[in-house]
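Reviewing the structure listed below.
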Amino acid sequence: MSVLTFVENWDGKFKKLTFELVSYASKVAEMMNTTAIALSIGNVQPEELEKLGKYGVKKIIHIANEELLALDNQAYTSVITELAVKEGATVLLLANNNTGKALAPRLSVRLKAGVGSGVSQLPLSIDPFMVYKKVYSGRAFAHLTIKSPVRILTLAQNSFELIETPNDAAIETITVQLENGLIKTVVKDVQKQTGKILLTDAEIVVSGGRGMKSPDNWGPLVELADLLGAATACSRPVSDEGWRPHEEHTGQTGKIIAPNLYFAIGISGATQHIAGVSASKFIVAVNTDKDAPVFEAAQYGIVGDAAKILPQLVEAVREIKSK
Amino acid sequence: MKIVVCISHVPDTTTKVKFVNDNKLDETGIQWIINPWDELSLTRALELKDDPANGIEKVTVAHVGPVGAEPTIRKALAIGADDAIRINATSSDAYYVAAQLAEVLKNNPFDIILCGIESSDFNGSTVGGMLAEFLGIPSVSSVSSLNLVNGEVILTREIDGGKETVAIPVPFVAIVQKGITKEPRIPSMRGIMMARTKPILVSEPVSLDALTEVVQYEMPKPRAACKFVNPENPAELITLLQNEAKVI
Ligand SMILES: Cc1cc2nc3c(=O)[nH]c(=O)nc-3n(C[C@H](O)[C@H](O)[C@H](O)COP(=O)(O)OP(=O)(O)OC[C@H]3O[C@@H](n4cnc5c(N)ncnc54)[C@H](O)[C@@H]3O)c2cc1C
Ligand SMILES: Nc1ncnc2c1ncn2[C@@H]1O[C@H](COP(=O)(O)O)[C@@H](O)[C@H]1O
């Protein structure tokens, strides 16, 4: 028996999300009296792989095939399935990000394993295997039992703490045999966002809505974000209007995020917007309308004009940062 | 080429959900809609069909659900789908739904199968990938653009921190997200009239066990009431975030 977690890398590096996954896998393994194993595919150096051991995994399997550098859903599914069977995995854990969402369902069919997607806390029980998951875009939660002997979970980003349990994890580097013609995805071009904090990774997010009035008013909002080391975001109409880039659109149809702190500036707080940010630990709202629904989701609020309040927030942050 | 769009039928995204006995959705007063991503997928499929150079013969919609979902299917036909397939089953979990879709699509081959990235009720993000695996065909997930270029399918898929342009052979499943098209198409009067006579093929489900089951629903824990800061002194907010919330 084992708990196997698939860990993606970004240009050979792991990130906080990876360590959240291995921490979670180790805790589930503990609940099940078994061991956690991490599976990495691609070009990752031993120093980077060793970092996984700090969070309690007992073994790190590293598949180094050159053909697997780009994601092909069928090839990855075959490789992960083979390892899951070999290691007797009864729980398979992936991130609830683009890659995890691409692979978990295929693995589910291959392993005849039920999926609990987007979990944000440890299973409620092991026998029966029951998880707590968001439904109706955060307007409710479900207790979901997974009845199959193998279960697949995808973990929501920024929802689980890092838990250090140092371990001497063994690293096994292998290459696997891939069936001819298995890889069908041809990657023609890659465009990476550089230099900016990714919205999904950010601990603090400063977001603006139509109450910002014009694309020319974003200066102080961006400045506030820069000072806080935060990412910037926006509501859907703002990206639809082309005031801000599409990658910044948060909400049900945009990015779903869970930062520690989310600033909603001039955002009304429509259900579809809140659906994307309700898992934030704290929400701060600035809005001229004291009855705006955003104040129902927020823990801190200012009823006022964004154009006046933002520069003062910038000043206040500058003040504390200079101390 | 033939395109099938898998549509799910969900409560309107502004619905305040309630449950009966904590284990069943209270359907009173609920407005049902086509899942937003499926509406966008359908729109994109019709845009592709509009250009004769793409050689799209037809766009079909497929749905797993009881007869009560037919108004949703008719709406998809009114938007412009040519015909529909309904698998007459109450969808219990994603694995069950995907298996039923696969069963029907095996006998009715399509070149491009479109699914949404998530249904707004169960937030599973799984049916599309499962369907591809049941059919043994490639899938591309988080697809934000889909084009036919000289007969080749070119897609954009979102990755953490960027995007990739990929080519994929047909048949395949695209799991579609925001960006695939700008606005969903809405039915025209003519479309609504025509939809009345478009065929809906009803097929019976195969017998199969679901792998998961919701045993209980719960409402989100109420959040503490909002603490208001005097607009004359916004700096107070920053002090609270630093000393009370301890997040900056
Ligand atoms: C299927 C579907 C999916 C959707 N998905 C999303 C989604 O993913 N994300 C999303 O954001 N929306 C989504 N929407 C749209 C959503 O319903 C709202 O229309 C949208 O969130 C409103 O954006 P907003 O708050 O910026 O603008 P508005 O609703 O126009 O609100 C502007 C707010 O700014 C305030 N304001 C005005 N002037 C000032 C000022 N000077 N200073 C401070 N405040 C001011 C106003 O009081 C108001 O509350 C979706 C809708 C549908 C139907
Ligand atoms: N009952 C259903 N009938 C047909 N397609 C469905 C059904 N449920 C889900 N889908 C498809 O699967 C996508 C993702 O749904 P889900 O995996 O439930 O989040 C939806 O956007 C639809 O394209």
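Reckoned from all heavy atoms, side chains included, excluding hydrogens, waters and symmetry mates. Lettering of chains follows the sequences in order, A, B, ..., and the numbering in each one begins at 1.
Of the listed residues B/P169, B/A245, B/G162, the one with more heavy-atom pairs under 4.5 angstrom with chain A than any other is B/A245. Your options are A/K308, A/E247, A/K112, A/M130, and the one with the most heavy-atom pairs under 4.5 Å with chain B is A/K112. Contact count against chain B (heavy-atom pairs under 4.5 Å) is highest for A/S137 among A/S137, A/A275, A/G118, A/S278. Note: B/S120 leads B/S120, B/G128, B/P222, B/A235 in heavy-atom pairs under 4.5 Å with chain A. Looking only at heavy-atom pairs under 4.5 Å with chain B, the residue among A/A142, A/G304, A/G116 that has the most is A/A142. The most heavy-atom pairs under 4.5 Å with chain A, out of B/T15, B/T239, B/N23, come from B/T15. Looking only at heavy-atom pairs under 4.5 Å with chain A, the residue among B/S141, B/S139, B/S125, B/A94 that has the most is B/S139. Ranked by heavy-atom pairs under 4.5 Å with chain B, the first of A/K196, A/K192, A/R110 is A/R110. Chain B forms more heavy-atom pairs under 4.5 Å with one residue of A/N96, A/L103, A/V115 than with any other, namely A/V115. Annotation: maximal heavy-atom pairing with chain B below 4.5 Å, among A/V187, A/L107, A/I146, occurs at A/V187.
With a threshold of 4.5 angstrom between heavy atoms, A/L261 approaches chain B through side-chain atoms but not through N, CA, C or O. Looking at B/E158, the atoms closer than 4.5 Å to chain A (heavy atoms on both sides) sit in the backbone and in the side chain alike. A/L17 touches chain B through its side chain: at least one heavy atom from C-beta onward sits under 4.5 Å away, while N, CA, C and O do not. With a 4.5 angstrom heavy-atom cutoff, B/A99 does not touch chain A via any of its atoms. The contact between A/Q74 and chain B is made entirely by side chain atoms (from C-beta outward), counting heavy-atom distances below 4.5 Å. In this structure, the portion of B/D12 lying under 4.5 Å from any heavy atom of chain A is its backbone and not its side chain. Contacts of A/A297 with chain B are made by backbone atoms alone, with heavy-atom separations under 4.5 Å and no side-chain atom involved. With a 4.5 Å cut-off on non-hydrogen atoms, A/V284 touches chain B through its side chain but not through its backbone. Residue contact with chain B, scored on non-hydrogen atoms closer than 4.5 Å, is absent for A/K321. For B/K246, no part lies under 4.5 angstrom from a heavy atom of chain A. Residue contact with chain A, scored on non-hydrogen atoms closer than 4.5 Å, is absent for B/E236. B/P11 touches chain A through its side chain: at least one heavy atom from C-beta onward sits under 4.5 Å away, while N, CA, C and O do not. Both the backbone and the side chain of A/Q299 come within less than 4.5 Å of a heavy atom of chain B. Of the atoms belonging to B/V140, it is backbone heavy atoms, and not side-chain ones, that fall under 4.5 Å from chain A. The part of B/I117 that comes within reach of chain A is its side chain, from C-beta onward, which places non-hydrogen atoms under 4.5 angstrom from that chain. With a 4.5 Å cut-off on non-hydrogen atoms, B/F19 touches chain A through its side chain but not through its backbone. Heavy atoms closer than 4.5 Å to chain B are found nowhere in A/T154, neither backbone nor side chain. Neither the backbone nor the side chain of A/A104 comes within less than 4.5 Å of any heavy atom in chain B. Contacts between B/L240 and chain A at a heavy-atom distance below 4.5 Å involve backbone atoms as well as side-chain atoms. The part of B/A224 that comes within reach of chain A is its backbone (N, CA, C, O), which places non-hydrogen atoms under 4.5 angstrom from that chain. For a residue to count as touching a neighbouring chain, one of its non-hydrogen atoms must lie under 4.5 Å from one of that chain's; by this rule A/K255 does not touch chain B. Neither the backbone nor the side chain of A/A230 comes within contact range of chain B; no heavy atoms are under 4.5 Å apart. Looking at B/L155, there are no atoms closer than 4.5 Å to chain A (heavy atoms on both sides), in backbone or side chain. For B/L40, no part lies under 4.5 angstrom from a heavy atom of chain A. Residue contact with chain A, scored on non-hydrogen atoms closer than 4.5 Å, involves the backbone of B/A225 exclusively. Contact annotation for A/F129: neither backbone nor side-chain heavy atoms come within less than 4.5 Å of a heavy atom of chain B. Proximity to chain B involves both the backbone and the side chain of A/L313, based on heavy atoms less than 4.5 angstrom apart. If you measure heavy-atom distances from A/S239 to chain B, the contacts under 4.5 Å come from the side chain alone.
Shown here for A/L111 and A/T81, the closest heavy-atom pair between the two residues is CD2-CG2, 3.8 Å. The shortest heavy-atom contact between B/P231 and A/I309 is O-CD1, 3.7 Å. Pairing each heavy atom of A/T250 with each of A/L199, the nearest pair is CG2-CD2, 3.8 Å. Nearest approach of A/T185 to A/D72, heavy atoms of both residues: OG1-OD2, 2.6 Å. Here the closest non-hydrogen pair linking A/E203 and A/P259 is O-CB, 3.4 Å.
The CD atom of B/E164 sits 13.5 Å away from atom NZ of A/K188, with the distance rounded to the nearest 0.5 Å. In this structure, CG on A/D201 lies 11.0 Å from CD1 on A/I257, to the nearest 0.5 angstrom. The line from CD1 of B/I175 to OG of B/S41 is 10.5 Å long, rounded to the nearest 0.5 Å.
In this structure a side-chain-to-backbone donor-acceptor pair under 3.5 Å is present from B/N123 to A/Y136. A donor-acceptor pair under 3.5 Å is formed between the side chain of A/Q157 and the backbone N or O of A/T200. Between the side chain of A/S148 and the backbone N or O of A/R151, no donor-acceptor pair lies under 3.5 Å. In this structure, the side chain of B/T156 does not engage the main chain of B/T165 through any donor-acceptor pair within 3.5 Å. When atom types are taken as modelled, the side chain of B/D93 and the backbone of B/L211 share a donor-acceptor pair closer than 3.5 angstrom. Of the possible polar contacts, none joining the B/T72 side chain to the B/I34 backbone as a donor-acceptor pair under 3.5 Å is found. In this structure, the side chain of B/H63 engages the main chain of B/I7 through a donor-acceptor pair within 3.5 Å. At distances below 3.5 Å, not a single donor-acceptor pair connects side-chain atoms of B/D121 with backbone N or O atoms of B/V10.
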- Output, in order, the C-alpha distance, side-chain angles, deciding distance and verdict of salt bridge (charged side-chain N to carboxylate O under 4.0 Å, His left out) for A/K101 and B/E118. CA-CA 10 Å; A/K101 284 181 192 172; B/E118 145 178 318; 5.0 Å; no

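Residues meeting the ring pair (Phe, Tyr, Trp, His ring centres under 6.0 Å) test with B/F134, sequence neighbours left out: B/Y95. Residues that satisfy the side chain to side chain donor-acceptor pair (under 3.5 Å) test with B/T181, not counting sequence neighbours, are B/E47.
Side-chain atoms of A/R139 and A/T271 include no donor-acceptor pair closer than 3.5 Å.
By the neighbour-count criterion of 12 heavy atoms within 6.0 Å, atom NZ of A/K16 is densely surrounded, having more than that number from other residues, nucleotides or ligands.
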